[in-house]
> 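Before we start, here is the structure in question, set down as structure tokens.
Owing to the predicted nature of the structure, the values given are computational and were not obtained by experimental measurement. Just so we're on the same page: letters track the sequence lines, and every chain starts at 1.
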2 protein chains.
Amino acid sequence: MAKPGVSSKVGTAGDGPSESRRALVEAAIETLRIDGFARASARSISARAGCNQGLVFYYFGSVSNLLLAALDAVSADRLERYSAAVAATASPQELVEVAATIFREDLDAGYAKVLVEMIAGASSTPGLGPEVLARIAPWTAFAGRAIQGLVGESGLGSVVPAEEAAYGVVALYLGLEMLSHLDGDRANALALFERAKQLATLFGAFTGAIK
Amino acid sequence: MAKPGVSSKVGTAGDGPSESRRALVEAAIETLRIDGFARASARSISARAGCNQGLVFYYFGSVSNLLLAALDAVSADRLERYSAAVAATASPQELVEVAATIFREDLDAGYAKVLVEMIAGASSTPGLGPEVLARIAPWTAFAGRAIQGLVGESGLGSVVPAEEAAYGVVALYLGLEMLSHLDGDRANALALFERAKQLATLFGAFTGAIK
DNA sequence: GTCTATACTTGGATAGAC
DNA sequence: GTCTATCCAAGTATAGAC
């Protein structure tokens, strides 16, 4: 373990007060967001960060490791904040409303875009797939907990198991993110959240009635 | 219009009996499927096609145009076949069953993967987004017609408009494709189709009852 | 420990051979 | 009309300067 970049956990930081390293992670996020995976090269990222491209390899060992560090950076922050927001919800309507807010925020800030680019780009770099997958697992688990808390008490858990539904929710989320970015219009996706809110109200009345 | 590649419609073929051109389109599909957008270069594609890389630019003018031709090639064939299959369905259960078969086929053959790579890769090439979007529109319309035929006769069209639902269905489809490829396991996605089939049976009984 | 200059590889594009 | 040889730009990676 001679170089900082080949440590087991990518992007741990705390390796010292290196401004370049921090700037590279930030620039990697921006590059994935704006230019996409295919243009996320050591040269373009370092140019955005305002430092020499060789530093990518000094700090991270490879471009892939830098991109994974970028993914870690956006994930950690978001997962914590969103978990707190979801934990504070009591009804299905509230949950969907929080989900819609999260989606809008992700779309505007481009956080989910980073994830989508990494998933789609994973097939272009050997060994990247499992690493990306490991960083999605917490999100599927997060969605699973939210759904569990929603239907767990009613008998609906047997109709659609929480884990199964969570997989679908994450897939839908990623798909909406992709389409919204492609057509440059978030209205279609947001309309679906509005519709889901209406259905959640119905659902809430339903589960309340059979209790 | 000096070169064949800069004609208004990409990949029209019938421009002559050029084996190289056909091989390039085929190789582009394979490359997008296996190596992803980021590695879909003129060199790697032409190597797979067994011809000189300069031919990419001779026939298509640019790598992007070749990739779009590849997208056209998979789309035209699939859309025709799937439309016929869906038109032959009568009940919601049948529709979901056909959808599951299509999904399984797409996943195995990697057709939807080509689409996902092009969508995610679109942000890496200026001007590619609108071209890809234009090639997705027929699919959203296709999903819209299928859903319309399903709920159009009942009063449910007002609860969830067909166009809105179609957008969600396409997003879900793309998201499932992405996740399935990432974790190399189609079981999670297929389980959702099984669940949908059960719900479709319930739905069929419901709309039958209120008629 | 931090960073740069440099070596080598791959990719996009075209002028011109056949 | 079809294709290849060749040019230059962009990318990865590292040896070594500070």
> I need the full list of side chain to side chain donor-acceptor pair (under 3.5 Å) pairs touching residues 95-105 of chain A, with sequence neighbours left out, sorted by first then second residue.
A:R81-A:E105

> Taking salt bridge (charged side-chain N to carboxylate O under 4.0 Å, His left out) as the test, write out the residues that go with A:E26, two or more places apart.
none

> Distance check needed: D:dC7 P versus B:F57 CZ, whole Å only.
17 Å

> Could you state the CG-P distance from A:L55 to C:dC3, rounded to the nearest angstrom?
6 Å

> Can you give me every donor-acceptor pair (side chain of residues 137-144 of chain A, partner residue at least two apart or in another chain, under 3.5 Å) with its distance?
residue	atom	partner	partner atom	Å
A:T140	OG1	A:I136	O	3.4

> For B:L24 and C:dG12, give me the distance from atom CG to atom C1', rounded to whole Å.
15 Å

> Rounded to whole angstrom units, what separation is found between the CD atom of A:E19 and the C1' atom of C:dC3?
14 Å

> Would the distance check show the side chain of A:N65 and the main-chain N or O of A:F60 forming a donor-acceptor pair, the cut-off being under 3.5 Å?
yes

> Can you tell me how far P of D:dC3 sits from CZ of B:R21, to the nearest Å?
12 Å

> Looking across every strand, which nucleic acid part, if any, lies under 4.0 Å from A:V63 by heavy atom: base, sugar-phosphate, or nothing?
sugar-phosphate

> Using heavy atoms and a sub-4.0 Å distance, could you list which residues of residues 35-53 of chain A are near DNA chain D? By number, please.
A:S41, A:A42, A:R43, A:Q53

> Can you name the residues that form a salt bridge (charged side-chain N to carboxylate O under 4.0 Å, His left out) with B:E194, not counting sequence neighbours?
B:K197

> Between A:S20 and C:dC3, is there a contact of a side-chain N or O with OP1 or OP2 at under 4.0 Å?
yes

> Check salt bridge (charged side-chain N to carboxylate O under 4.0 Å, His left out) between B:E163 and all other residues, then give those that pass, not counting sequence neighbours.
none

> Indicate yes or no: at least one non-hydrogen side-chain atom of B:M118 is less than 4.5 angstrom from one of B:R135.
no

> For D:dC3, does either OP1 or OP2 sit under 4.0 Å from a side-chain N or O belonging to B:Y58?
no

> Can a side chain N or O of A:Y59 be found less than 4.0 Å away from OP1 or OP2 on C:dC3?
yes

> Quick one: B:F60 CZ to C:dG12 P, roughly how many Å, whole number?
15 Å

> Measure from CG on B:L66 to P on C:dG11 and round the result to the nearest Å.
14 Å

